Amino acid sequence: MEKEFLEKVKETLEKEKEKIEKYLSQFAREISEDEWETIYPKSDGSSGSALAEMQADEIEEYLNLLSLEDVLETKLKNINLALKKIEEGTYGICENCKKEIEKDRLLLIPEARFCKKCKDFFKSK
Ligand SMILES: [Zn+2]
């Protein structure tokens, strides 16, 4: 990977990370570096009783936020992983086949962990 390309990817990843963290902080709280917990509507930590008092549409919204939080958290984890790989000089290598991930794929999904071939393979499973 050329330094120039890595710089560009790093910038994209850091911007994306900031965006996701900002978005997450609107309905979740950060437990540790990339662990988030949804707080809705007013969680005091004993979520069981809070859920029982919620209206059906509130519960639905809560569940939507939970899955959204899950998606964003996974993305955030992958971004942090990609940033770490840039530091270590292993960025852009497919975790499965150890070949270089296609550049056009990295431009589209800079936090990608697998090359196109492996990704398709996992998807079809
Ligand atoms: Zn691969």
Side-chain angles (χ1 to χ4, degrees):
M1 291 283 151
E2 301 96 50
K3 214 176 158 211
E4 226 170 272
F5 182 76
L6 284 176
E7 291 289 327
K8 197 177 153 191
V9 166
K10 198 175 166 189
E11 206 185 300
T12 312
L13 285 167
E14 275 167 353
K15 266 190 212 151
E16 191 79 354
K17 184 180 166 173
E18 210 175 289
K19 227 165 61 187
I20 293 176
E21 284 182 339
K22 209 169 152 189
Y23 192 40
L24 268 170
S25 66
Q26 290 173 13
F27 62 88
R29 68 161 168 250
E30 197 173 4
I31 307 170
S32 65
E33 198 201 339
D34 49 14
E35 296 283 342
W36 289 72
E37 183 185 63
T38 307
I39 33 166
Y40 182 85
K42 36 187 179 320
S43 166
D44 55 335
S46 57
S47 55
S49 60
L51 260 180
E53 287 162 26
M54 278 158 72
Q55 302 295 321
D57 56 343
E58 278 183 330
I59 292 175
E60 201 187 311
E61 198 184 333
Y62 178 68
L63 293 177
N64 282 340
L65 286 176
L66 270 187
S67 53
L68 179 66
E69 191 254 328
D70 205 44
V71 170
L72 290 174
E73 195 182 298
T74 304
K75 200 169 158 70
L76 194 62
K77 273 185 188 159
N78 286 340
I79 288 175
N80 282 332
L81 194 72
L83 284 169
K84 209 176 133 212
K85 282 182 186 170
I86 291 177
E87 296 293 318
E88 290 171 351
T90 55
Y91 178 79
I93 307 293
C94 172
E95 285 181 22
N96 187 53
C97 67
K98 313 289 176 203
K99 285 185 186 138
E100 276 193 11
I101 300 173
E102 299 81 2
K103 251 188 198 161
D104 59 335
R105 176 163 161 74
L106 289 175
L107 285 173
L108 214 62
I109 315 164
E111 75 275 21
R113 297 167 58 191
F114 302 103
C115 69
K116 279 181 198 167
K117 231 172 118 183
C118 295
K119 178 79 185 162
D120 287 344
F121 176 72
F122 288 133
K123 243 197 280 182
S124 65
K125 274 185 112 178

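Predicted, not measured: the structure shown is a model, and the values here were computed from it. Whatever order the structure lists ligands and atoms in, that order sets their numbers, starting from 1.
Taking 4.0 Å as the cut-off between side-chain N and carboxylate O, E4 and K8 do not count as a salt-bridged pair. Using a 4.0 Å cut-off between a side-chain N of Lys or Arg and a carboxylate O of Asp or Glu, K10 and E87 qualify as a salt bridge. For D104 and K116, the salt-bridge test passes: some basic side-chain N is under 4.0 Å from an acidic carboxylate O.
Of all protein atoms, those that are N, O or S and lie under 2.8 Å from the Zn ion (ligand 1) total 4.
A side-chain contact (heavy atoms from CB on, under 4.5 Å) with K85 is found for exactly one of L6, I93, T90, namely T90.
Although no hydrogens or angles enter the test, the distance criterion places no donor-acceptor pair under 3.5 Å between the side chain of R113 and the main chain of A82.
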Is there a side chain to side chain contact (heavy atoms under 4.5 Å, CB included) between K77 and E111 once you walk through the steps? CA-CA 9 Å; K77 273 185 188 159; E111 75 275 21; over 6 Å; no

